[in-house]
Amino acid sequence: MNKNDLIIRIGGEGGEGIISVGDMITQACARAGLDVYTFKTFPAEIKGGYAMYQVRASTEPVYNQGDIFDVLCVFNGEAYELNKARLKPGNAFVYDSPGDFEPVIPEGVFAYPIPMTKTAKELNNPRAKNMVAMGALSILFNIPEAALREVIDTKFKRRGDAVVQGNLTAFERGRELALALKKTDPWIIGTPKESKRDVIVMSGNNAIGLGALIAGLEFFAAYPITPATEIAIYVSKHLPKRGGTLIQAEDEIAAISQVLGASYAGKKSMTSTSGPGLSLMSEMLGMAFMSETPCVVADVQRGGPSTGLPTKHEQSDLFLAVHGAHGDSGRIVLSVENVHDCIGLTVTAFNLAEKYQCPVILLSDGSLAFSTQSVPYPNPDDYPTVDRLRWDGQGEYHRYELTESGISPMADPGTPNGMHIATGLEHNPAGMPSYTGENHEIMQGKRFRKLNTVVNDMPPAEVDGEGAADVGVIAWGSTIGVVREALQRLRAEGIKVKGFYPKLLNPLPVQQFEDFGATCKRIVLPEVNFQGQLAHFVRAETTLRPVSYTICSGMPFTPEMIVNRVKEMLA
Ligand code: COA
């Protein structure tokens, strides 16, 4: 039987090639025309520890990683131990046998022992254990064979023909082993509605890099940090070819400082980091606000505080993004929902930074960073770009001229008569240091005045549903995709629910929150952090009193969790 929405989870030890198998299955399903959404989690160590990859492949649009797997494939005892409680009747269970564990197969579970380790050893290619498993999965669940062969070739060809051939042989052996078993479960992946769709499959991190290039990125500096590093890697492959510059800085303070220098010189500039790096950047973000220097910081959130859970998912940098600064320092904070958003909102981040001449922090998260999803093939023409207001060279130049909007024209260095100082010291409209209280009040008013109109430059936050609702759900970041599906399920049961999905988190679009709140009897706000950070801002800035629903287990919410919470509220 075709399963139109199939979830396969693969678990094993870091170093066994779990991530590679997951990526390959994802690519093959996407090439076959299915909508894909993946979730992966791996240890902070390079080798050892539990690595897991979950692929959801569906004939319908998918917004999240799903509740739980239909198919579990484990490479070792640890992966079995960590997942065995979740095996339910109807699941298919593929496992290494003989292996380092003896599973107890629950009643109703369809079990397929595959000698993954043994076969790979027999082939004198122990690394190819993952290919044996993938071959078996492809037979059991009808994952397109030709597409898998293609991705094996693409993945390993840089390592030479022998590696490609060795992996293809192991893949073939895995298929033979599975063919010899009797398939007892009814599941195979769904048949796509259209066989060829104009989509690409990419990760959240790569999509942020792509969005930056579409926006006109000219300078990028960053210090590597999990889970943000792939943004820099992606940009490093493409920016130099377009005449731009990328620097791997010695640390995050250097990275943001270089970004501000390049932006002062007239270049569209960006850095990427994660929580610990954003903390280090906080002083220079104040400098960017004070000197009115456009810059974009992509912050891929991970479990914190401190070095925390570097490879795990969390949405806990919102306080830092909004208020991580000394003095009164403003910035714009956006947050992305999915891979598609990572492209478009990165362009928006640049446009806002350029228009308002201030820092823009783009919040992504650990789950989205590595999640691969199918997105419509991006057309740069669909993303209009904005450049900073430049001085027209007329009259006497005052860099920080007082204007109604608060926005003053910038002059690139070298512009005749456009000399000016960009300083972190308080300054007068001409840019000269000035410490009088009166001037400080005027200049703070000018800088913050700019932020008043940001809300008009963004589409209103999406309201999911119509009319009055018994429960409204406010969500941000990748939690939105989970809420979308939860609300569909609740509506199917006749429950009146609505969702509200803000992407602009600072300045908070207060009136939009109020309008949404006025249509809901009760509101719940799920987010993956301990303190309920967005709920805190909503309570502080609006009249809404959302019930905060927080988790911080390193994993995202599942739709089922949201469904259950809403039902609890109604009970
Ligand atoms: N034949 C040959 N090579 C293979 C293979 C096969 N059949 N299967 C996988 N490989 C290679 C992969 O290409 C990859 O090599 P590459 O990195 O040069 O591309 C390598 O083996 C690891 O395989 P992969 O599938 O990517 O990962 P994995 O599931 O084995 O898990 C990680 C390993 C990703 C968990 C681990 O290496 C890692 O990076 N951990 C995170 C470290 C981190 O970020 N820490 C935080 C610090 S703050």
Side-chain angles (χ1 to χ4, degrees), residues 8-27 38-55 73-76 78-79 82 96 116-117 119-121 123-138 148-149 151-174 203 205 222-233 237 251-252 272-278 280 300-314 366-367 369-372 554:
I8 302 176
R9 176 177 291 191
I10 304 148
E13 184 176 294
E16 284 190 312
I18 305 295
I19 306 295
S20 297
V21 172
D23 278 342
M24 289 180 187
I25 293 177
T26 304
Q27 290 289 344
T38 71
F39 175 77
K40 46 186 126 164
T41 178
F42 47 84
E45 294 75 27
I46 297 299
K47 197 160 176 4
Y50 172 61
M52 182 272 268
Y53 198 121
Q54 187 161 304
V55 187
C73 172
V74 299
F75 282 33
N76 67 4
E78 184 182 11
L82 287 169
D96 189 22
M116 303 171 191
T117 309
T119 308
K121 276 189 189 152
L123 293 171
N124 270 330
N125 192 0
R127 290 211 77 169
K129 171 179 176 180
N130 57 348
M131 295 297 112
V132 177
M134 192 166 82
L137 290 172
S138 77
L148 284 174
R149 287 181 182 281
V151 289
I152 291 174
D153 184 67
T154 313
K155 166 100 183 160
F156 295 118
K157 72 173 167 220
R158 73 184 159 98
R159 298 191 187 170
D161 287 347
V163 176
V164 174
Q165 206 41 59
N167 279 301
L168 284 171
T169 304
F171 173 72
E172 194 47 53
R173 190 73 194 105
S203 70
N205 275 347
Y223 181 74
I225 182 167
T226 301
T229 306
E230 285 74 18
I231 299 175
I233 293 173
K237 289 182 187 147
D251 59 33
E252 288 87 348
S272 59
T273 189
S274 187
L278 187 64
L280 291 175
V300 186
Q301 301 164 93
R302 66 189 214 179
S306 189
T307 35
L309 297 79
T311 57
K312 298 283 186 269
H313 170 74
E314 213 163 82
S367 150
F370 302 122
S371 174
T372 38

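Counting starts at 1 for both ligands and their atoms, following the listed order.
In terms of protein heavy atoms, atom 47 (C) of ligand 1 is closest to Thr226 OG1, 3.8 Å. Scanning the protein heavy atoms around atom 35 (C) of ligand 1, the nearest turns out to be Phe42 CB, 3.4 Å. The shortest contact between atom 39 (O) of ligand 1 and any protein heavy atom is with Ile46 CD1, 3.9 Å. Given atom 21 (O) of ligand 1, the protein heavy atom at minimum distance is Arg127 NH2, 2.5 Å.
Considering backbone and side-chain atoms together, Ala44 places an N or O closer than 3.5 Å to an N or O of ligand 1. By the 3.5 Å distance cut-off applied to N or O atoms, Gly17 is counted among the residues near ligand 1. Ligand 1 has a nitrogen or oxygen under 3.5 angstrom from a nitrogen or oxygen of Gly15. In terms of polar-atom proximity, Ala51 is not counted as a contact of ligand 1, lacking any N or O under 3.5 Å from an N or O of the ligand. Remark: ligand 1 and Arg302 share no N or O pair separated by less than 3.5 Å (distance only, no angle test).
When heavy-atom distances to ligand 1 are checked against a 4.0 Å cut-off, Lys40 has no atom that comes that close, whether in backbone or side chain. Residue-level proximity to ligand 1 for Ile19 is carried by backbone and side chain together, each with a heavy atom below 4.0 angstrom. Residue contacts with ligand 1, taken as heavy atom pairs separated by less than 4.0 Å, involve Ser20 via backbone and side-chain atoms alike. Only the backbone of Glu16 comes within 4.0 Å of ligand 1, counting heavy atoms alone; no side-chain atom from C-beta on gets that close. Of all the heavy atoms of Asn130, the ones lying under 4.0 Å from any atom of ligand 1 belong exclusively to the side chain. Counting heavy atoms closer than 4.0 Å to ligand 1, residue Asn167 contributes side-chain atoms (C-beta onward) but none from N, CA, C or O. Contacts between Phe156 and ligand 1, counted as non-hydrogen atom pairs separated by less than 4.0 Å, involve the side chain only. Proximity of Arg159 to ligand 1, defined as any heavy-atom pair under 4.0 Å, is confined to the side chain (atoms from C-beta onward).
Remark: side-chain polar atoms of Ser274 are not paired, donor with acceptor, to backbone N or O of Ala228 under 3.5 angstrom. No donor-acceptor pair closer than 3.5 Å links the side chain of Asp153 to the backbone N or O of Arg149. Side-chain N or O atoms of Asn205 include one that pairs as donor or acceptor with a backbone N or O of Pro227 at under 3.5 Å. Glu16 places a side-chain N or O within donor-acceptor distance of the main-chain N or O of Glu13, the cut-off being under 3.5 Å. A distance-only check finds no donor-acceptor pair linking the side chain of Arg173 to the backbone of Gly135 [under 3.5 Å]. Remark: the backbone N or O of Gly304 is paired with a side-chain donor or acceptor of Glu314 at under 3.5 angstrom. Side-chain atoms of Asp96 come within 3.5 Å of backbone N or O of Met116 as a donor-acceptor pair. For the pair Ser371 (side chain) and Thr38 (backbone), a donor-acceptor distance under 3.5 Å is present.
Selection from Pro43, Gly11, Pro276, Gly14 by nearest heavy atom to atom 41 (C) of ligand 1 gives Pro43. If you check each of Arg158, Glu13, Glu45 against atom 19 (O) of ligand 1, the one with the closest non-hydrogen atom is Arg158.
Shortest non-hydrogen contact noted between Asn167 and Ala128 is OD1-CB, 3.6 Å. Taking each heavy atom of Thr273 and Glu252 in turn, the nearest pair found is OG1-CG, 3.8 Å.
Interatomic distance, OG of Ser367 versus NZ of Lys312, reported as 12.0 Å (0.5 Å rounding).
Aromatic pair Phe370/Phe42: centroids less than 6.0 angstrom apart.
Ligand 1 has Lys155 within reach: a non-hydrogen atom of the residue lies less than 4.0 Å from it.
Side chains of Ser203 and Thr372: a donor-acceptor N/O pair is absent below 3.5 angstrom, by distance only. With hydrogens and angles left out, the side-chain atoms of Asp23 and Tyr53 include a donor and acceptor closer than 3.5 Å.
Using a 4.0 Å cut-off to heavy atoms of Ala128, the atoms of ligand 1 that qualify are 7 (N). Each of the following atoms of ligand 1 lies closer than 4.0 Å to a heavy atom of Pro310: 48 (S).
Note that atom 27 (O) of ligand 1 has protein non-hydrogen atoms nearby, at separations under 4.0 angstrom.
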